[in-house]
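Here's the structure, in structure tokens; my notes come after.
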Amino acid sequence: MKLSAPILGLIFPRIVSAYWLPELLGEVKTCVVPKNETGTDDTPNVVRTTAECGEHTRVIFEKDLTYNLWTPLQLKSLSNVEFVFNGNVSLPDNVSYVESVVADANLYPGRWINFQGTNVTLTGSEDPKQGWFIGNGELWWPGGAANSANKGRPHFFSLKVDYLRARHLKVWKPVAWVFSMGGSHVWMTDTLIDARSEDGFPFNTDGVDMSASNSLIDGFTIYNGDDLINVSPPTTNVTVRNMYSSGGHGIAVSCASGAGGNYLFENAVVEDSLIGARFKGALGTTCDLSNVAWRNFTIRNTSYPIHFIENYVDQEKGLPPGHNVSLAAYATNFTWENFVGQTGQSLKDGSCISDPCWSSTLGKSLFPILLHVSLRKLIVIAGESTDKGMYLLCADGEHCKDFHFSNIDLKAYDGKPAEMECTGLNGVSGMGIACTNNTIALA
Ligand SMILES: *[C@@H]1O[C@H](CO)[C@@H](O)[C@H](O)[C@H]1NC(C)=O
Ligand SMILES: *[C@@H]1O[C@H](CO)[C@@H](O)[C@H](O)[C@H]1NC(C)=O
Ligand SMILES: *[C@@H]1O[C@H](CO)[C@@H](O)[C@H](O)[C@H]1NC(C)=O
Ligand SMILES: *[C@@H]1O[C@H](CO)[C@@H](O)[C@H](O)[C@H]1NC(C)=O
Ligand SMILES: *[C@@H]1O[C@H](CO)[C@@H](O)[C@H](O)[C@H]1NC(C)=O
Ligand SMILES: *[C@@H]1O[C@H](CO)[C@@H](O)[C@H](O)[C@H]1NC(C)=O
Ligand SMILES: *[C@@H]1O[C@H](CO)[C@@H](O)[C@H](O)[C@H]1NC(C)=O
Ligand SMILES: *[C@@H]1O[C@H](CO)[C@@H](O)[C@H](O)[C@H]1NC(C)=O
Ligand SMILES: *[C@@H]1O[C@H](CO)[C@@H](O)[C@H](O)[C@H]1NC(C)=O
Ligand SMILES: *[C@@H]1O[C@H](CO)[C@@H](O)[C@H](O)[C@H]1NC(C)=O
């Protein structure tokens, strides 16, 4: 016997988790967003339909239509609403117009699409021809280095929702930063972001900038030119699993202040990328991160398969004046388990527009030397090489405690076993690897 959704709702009214899942509830009020018949901007209709539909509802973007968000969309104080994206939703295709909106603080709240509230569900389409969020990034990317510095680029989404259920979201050619995730209890599944470029590097096309604690992201495919995800304090309890990353800058944890942790990244394929499993602690700052694990990674043609550094400097900004360079992140109980990887032919990608490259990885005597010479000179003694599959650049054993490595199988570009570099951990035992004379041997 096949039960219809309303009957299921009667029989199992309370199987429901803490998310807004109308399909388990039977009938809910449904509203369809109409297309603008007299002008080009569909944003006012989205705002009006959502407001009129109210709480405990479902708002539908119709199949075979493209809704043009000519002005930024802000939906606040949402409560128990599902948005179903059966049709496409597009940002404007006029670069100078978008730049003028981004520059106008009255029109643009920092992201183009903003959802804020509690119990919000975003449901994309499983039809590959429908339900895309279209960014028109390909109009921006040919700008090259100038594009990377363009402050008029839009950020795509701000999701500040407690109990966000996001499923099957698809993003086509985002200009830059895609999901800025605030709130908490995000449950995101089967996401696809395609920022592949045929002309110009897709700078800053980060997948998720994660600040939502108690969250699970499962199934995430991205073709881009920046981090798949970056998680940092004070965020806690984040699991990301089943990832595919191409062209990216890593499955990343970073910190510059505060405390956080309990992050698990598992089951990833990373290829044709700059970085695989990544940690960046900002030089001259301190913070506490604990219980972080990267597990079951397959990494191919990637410049830096495992990259842990405590001396990250944003080269566009430089080291902030007055920063005390003997400060570094405290990383405790970090685990890297089941890695198979190989480096690539190059140590750079198209994001490298400065000399030295922003991703240049500093070598051996970094921390002591830093006190005496300029940053620029330091970078010149970089210890990076396509022969190295892992970099573990710690300030000292106090800052990198309780590290665990197991089943690490890394090859250099030429197929030989990869070399590995470490600092600050000479003679530390119990890590599953031995760091001797700044070189790592697998135990
Ligand atoms: C969110 O949904 C859960 C489960 O349906 C419900 O218990 C909770 O009250 C809702 N929260 C709000 C603020 O509506
Ligand atoms: C239709 O779009 C125009 C801009 O082209 C906008 O001014 C107008 O408010 C929109 N109309 C509706 C009903 O949303
Ligand atoms: C929706 O966008 C995708 C990606 O750009 C495109 O392939 C598809 O044709 C669009 N669908 C409609 C109905 O316009
Ligand atoms: C693009 O936007 C600019 C600035 O708003 C405007 O002057 C120009 O006419 C627009 N171009 C097109 C093709 O609509
Ligand atoms: C951690 O987050 C997951 C995913 O949302 C959740 O199921 C779990 O209850 C959270 N754990 C704690 C201790 O809050
Ligand atoms: C390891 O990750 C790969 C790629 O995501 C996946 O296919 C495989 O099932 C994972 N293995 C385990 C034991 O989970
Ligand atoms: C390796 O990855 C780079 C991108 O980082 C790509 O340009 C190159 O074609 C890839 N090489 C192979 C052999 O796939
Ligand atoms: C270390 O982290 C792992 C998860 O990565 C966790 O299971 C374990 O309990 C942590 N150990 C301590 C001592 O907190
Ligand atoms: C820099 O930080 C170190 C370590 O915390 C501390 O010992 C030192 O006094 C600080 N130096 C200055 C100038 O603040
Ligand atoms: C340490 O490594 C350097 C090269 O990086 C080498 O010159 C030196 O001999 C090594 N020292 C020992 C004790 O192995």
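Bear in mind that the values here come from a model prediction, so they are computed numbers and not experimental data. Atoms within each ligand, like the ligands themselves, are counted from 1 in listed order. Any value given below was found using the heavy atoms of this structure, including those in side chains, with hydrogens, waters and symmetry copies removed.
Taking distance alone, with nitrogen or oxygen atoms compared against 3.5 Å, D349 stays at or beyond that limit from ligand 7. The shortest N/O to N/O separation between N80 and ligand 1 falls below 3.5 Å.
Relative ring orientation between H185 and Y163 is described as parallel, the plane-to-plane angle staying below 30° on a 0-90° scale split at 30° and 60°. Ring orientation note: the planes of H155 and W177 are close to parallel, at an angle under 30° on the 30°/60° scale. Using cut-offs of 30° and 60° on the angle between ring planes, the pair F83 and F85 is parallel. In this pair, F334 and F403 present their aromatic rings parallel. The plane angle is below 30°, not in the 30 to 60° band.
With sequence neighbours left out, H404 forms a ring-ring contact (aromatic ring centres under 6.0 Å, His included) with no residue at all.
Of the possible donor and acceptor atoms, none in the side chain of T49 sits under 3.5 Å from a partner among the backbone N and O of V33.
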For ligand 2, run through the N/O pairs with the protein that fall under 3.5 Å and put one pair on each line.
| from | atom 1 | to | atom 2 | distance (Å) |
| --- | --- | --- | --- | --- |
| ligand 2 | 2 (O) | N36 | ND2 | 2.3 |
| ligand 2 | 2 (O) | T40 | N | 3.4 |
| ligand 2 | 2 (O) | D41 | N | 3.1 |
| ligand 2 | 5 (O) | T40 | N | 2.8 |
| ligand 2 | 5 (O) | T40 | OG1 | 3.0 |
| ligand 2 | 11 (N) | N36 | ND2 | 3.1 |

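Side-chain N/O atoms of N214 and N237 include a donor and acceptor closer than 3.5 Å.
Within the listing of ligand 1, atoms 13 (C) sit less than 4.0 angstrom from a heavy atom of T118.
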